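Written below as structure tokens is the structure these notes are about.
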Amino acid sequence: MGAKIVGVKLGILGLGTVGTGTVQLLQDSAGRHPLLQEIEIYRVGVRSLDKPRGVELSTEVLTTDLESIVNDPAVDIVVEVMGGLEPARSLILKALSNGKHVVTANKAAIARFGAEIFTTANQAGVYVMLEAAVGGGIPVIQPLKQSLSVNRIHTVTGIVNGTTNYILTRMQTEGSNFNDVLADAQRLGYAEADPTADVDGLDAADKIAILASLGFGGRINLQDVYTEGIRQVSKTDIAYAEKLGFVIKLLAIAKRDTPSSPLSVRVHPTLVPQAHPLASINGVYNAILVEGEPIGQVMFFGPGAGAGATASAVTSDILNLIAVLKTNTAVANPLLACGHQEYCEIAPMAELITRFYARFLTNDQPGVIGKLGTCFGNYGVSIESIVQTGFQGELAEIVVVTHDVREGNFRQALAEIRNLSAIESIPSLLRVL
Ligand SMILES: NC(=O)C1=CN([C@@H]2O[C@H](COP(=O)(O)OP(=O)(O)OC[C@H]3O[C@@H](n4cnc5c(N)ncnc54)[C@H](OP(=O)(O)O)[C@@H]3O)[C@@H](O)[C@H]2O)C=CC1
Ligand SMILES: N[C@@H](CC=O)C(=O)O
Ligand code: NA
């Protein structure tokens, strides 16, 4: 690994929210770790030189030629905070091939191209650091790679998307509809103009793929991550959930029941018991609960996004790399490098064992509840609670919470229930933690 030091030269790709926050932190180093004073912001790549910037940088530092940064022999560390898939992927690969360490906040690129990125890094004898990619400023990547890595991890459960947590929190506290809160969140700048990646669970899927890979020691194929967003969560379900003692959260879950069983990796809205540690994580905050043996439960909580918080994570990665550059060793540090070669086996959703919440609209006839119970019983689905709570016009509303059940069995029971003449529709199906 690298030998040079004194005046570590950074090439930063991107000067948006995260890039600007990182430059601000680096330009204000008093009272922080003394190693920060050894950093030189050598080049910063942007799309437009004319944009007003929140930081002062000399004109020779700013460039629109990002290739020149990753090819410059003087650059020691490339900090990729431009986002997107391309050209970010190609620039990261080029930087690594050129022997530069890389710090990135780009969960989308890592979740899709992690295999080639880490293979290239290992071949070049350099490191890829990604603390900012999951949970923004919350330290969770390094703890999983280092402090917790002696544990046998059972479960990683996270609220890892601030936008959806903000929307669900407001729906809960105000009794509002998804579309109204989303529009307001966009107006306030909490949700992006194109909210797809956040509200459809894609951002959370990228993040849980990364956490699962670290927690369970293998590569994760992103296509194997079951992903369901929050568009279908209604204020009616939030209200029922509350009555039943739950809050609804978009959870990203990676779980392995035994060391030899396949992983379950998934993102979906979930009824979380009000007493669960993740139930009280509100607004834009993120939290990640890690459960393992022998440690038990550890929860990481904090700001999952924002300029300062994310800059904290990016800069801590830079600091780790400066320490590497200073130690002057040719041997790869196994706690920083990625050693995963194999893909984890992911269990199909039909095999998932979980509780379910289901809301049925039925004709108000005698015996409907009995018929529902019979269909569930036919497939071994045991009911924890069943209540007829109200009416939607002429239709009765029945809410069922099951005990733990194999998802495949539950779906078979539902198929039979849909054929019952008394059943008008099944507006909601949600998993229960
Ligand atoms: N914002 C946040 O709180 C968090 C963000 N992240 C991740 O950090 C990364 C950056 O996010 P963020 O700072 O919000 O993004 P922004 O959109 O605010 O900034 C992107 C920056 O990259 C530059 N850029 C983008 N594409 C190109 C290109 N093709 N050529 C040259 N420059 C380019 C832009 O230049 P210009 O300014 O000239 O337009 C801009 O400076 C993303 O991967 C994101 O997922 C992770 C955690 C939290
Ligand atoms: N869009 C993300 C922020 C960055 O990871 C979120 O809403 O949490
Ligand atoms: Na983090």
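Quick caveat, the model's predicted, so the values are computed rather than measured.
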Looking only at atom types and distance, does a side-chain atom of [X] sit under 3.5 Å from a main-chain N or O of [Y], one as donor and one as acceptor?
X    : Y    : answer
Q172 : G175 : no
T119 : E116 : no
Q186 : A193 : yes
R219 : H340 : yes
E131 : Q142 : yes
Q27  : E56  : yes
R359 : L429 : no
D198 : P195 : no
K207 : G135 : no
E40  : V8   : no

Practice prompt. Using a strict cut-off of less than 4.0 Å between a Lys/Arg side-chain nitrogen and an Asp/Glu carboxylate oxygen, indicate whether R406 and E351 qualify as a salt bridge.
Written response: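 Salt bridge flag = yes for E351 with R406.
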Worksheet entry | Ionic contact status for E228 with R431, cut-off 4.0 Å | yes
Fill in: Interatomic spacing from NE2 in H276 to CD1 in I281 - rounded to 0.5 Å
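Atom-to-atom, H276:NE2 and I281:CD1 are 10.0 Å apart.
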Discussion item. To the closest 0.5 Å, what do you measure between SG (C338) and CD1 (I110)?
Written reply: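 One gets 9.5 Å once the value is rounded to the nearest 0.5 Å.
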Residue pair [X] / [Y], side-chain heavy-atom distance below 4.5 Å:
X    : Y    : value
Y42  : D72  : yes
H101 : L325 : yes
T227 : D200 : no
D184 : R170 : yes
L319 : E38  : no
L57  : L15  : yes
V75  : V70  : no
N333 : T327 : no

Discussion item. Would V78 and I92 count as a side-chain contact (heavy atoms from CB on, under 4.5 Å) here? Give the steps.
Written reply: CA-CA 8 Å; V78 167; I92 290 171; over 6 Å; no
Does [X] [atom1] have over 12 foreign heavy atoms under 6.0 Å away?
X    : atom1 : value
Q24  : CD    : yes
R32  : CZ    : yes
Q232 : CD    : no
E342 : CD    : no

Practice prompt. State whether F113 and R89 meet the cation-pi test: NZ (Lys) or CZ (Arg) under 6.0 Å from the six-membered ring centroid, and within 45° of the perpendicular axis.
Written response: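 Yes, a cation-pi geometry.
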Practice prompt. Decide side-chain contact (heavy atoms from CB on, under 4.5 Å) for L85 and R112; before the verdict, give the C-alpha distance in whole Å, the side-chain angles of both, and the deciding distance to 0.1 Å.
Written response: CA-CA 9 Å; L85 299 181; R112 281 160 191 79; 3.8 Å; yes
Practice prompt. For side-chain contact (heavy atoms from CB on, under 4.5 Å), just list the numbers for T315 and L26, CA-CA rounded to whole Å, side-chain angles, deciding distance to a tenth of an Å, and then say yes or no.
Written response: CA-CA 8 Å; T315 312; L26 291 171; 3.8 Å; yes
Discussion item. Restricting to ring pair (Phe, Tyr, Trp, His ring centres under 6.0 Å), what partner residues turn up for Y166, sequence neighbours left out?
Written reply: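 Counting only residues at least two positions away or on another chain, Y166 forms a ring pair (Phe, Tyr, Trp, His ring centres under 6.0 Å) with Y190.
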Do [X] and [Y] meet the criterion of a side-chain donor-acceptor pair at a distance under 3.5 Å?
X    : Y    : answer
N286 : N165 : no
S48  : D50  : no
K100 : N71  : no
D237 : Y357 : yes

Worksheet item: Can you list the steps and then say if L414 with F360 is a side-chain contact (heavy atoms from CB on, under 4.5 Å)?
Response: CA-CA 10 Å; L414 281 186; F360 301 90; 4.0 Å; yes
Worksheet entry | Partners meeting side-chain contact (heavy atoms from CB on, under 4.5 Å) with Q412 (sequence neighbours left out) | Y379, N409
Item to complete: Return the set of residues passing side-chain contact (heavy atoms from CB on, under 4.5 Å) with A132 (not counting sequence neighbours), or none when no residue passes.
Response: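 side-chain contact (heavy atoms from CB on, under 4.5 Å) check on A132 returns A105, T310, A313, V314.
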Item to complete: Indicate the ring-plane relationship of F410 and F376, choosing parallel, tilted or perpendicular according to the 30° and 60° boundaries.
Response: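 The arrangement is parallel - the two ring planes meet at less than 30°.
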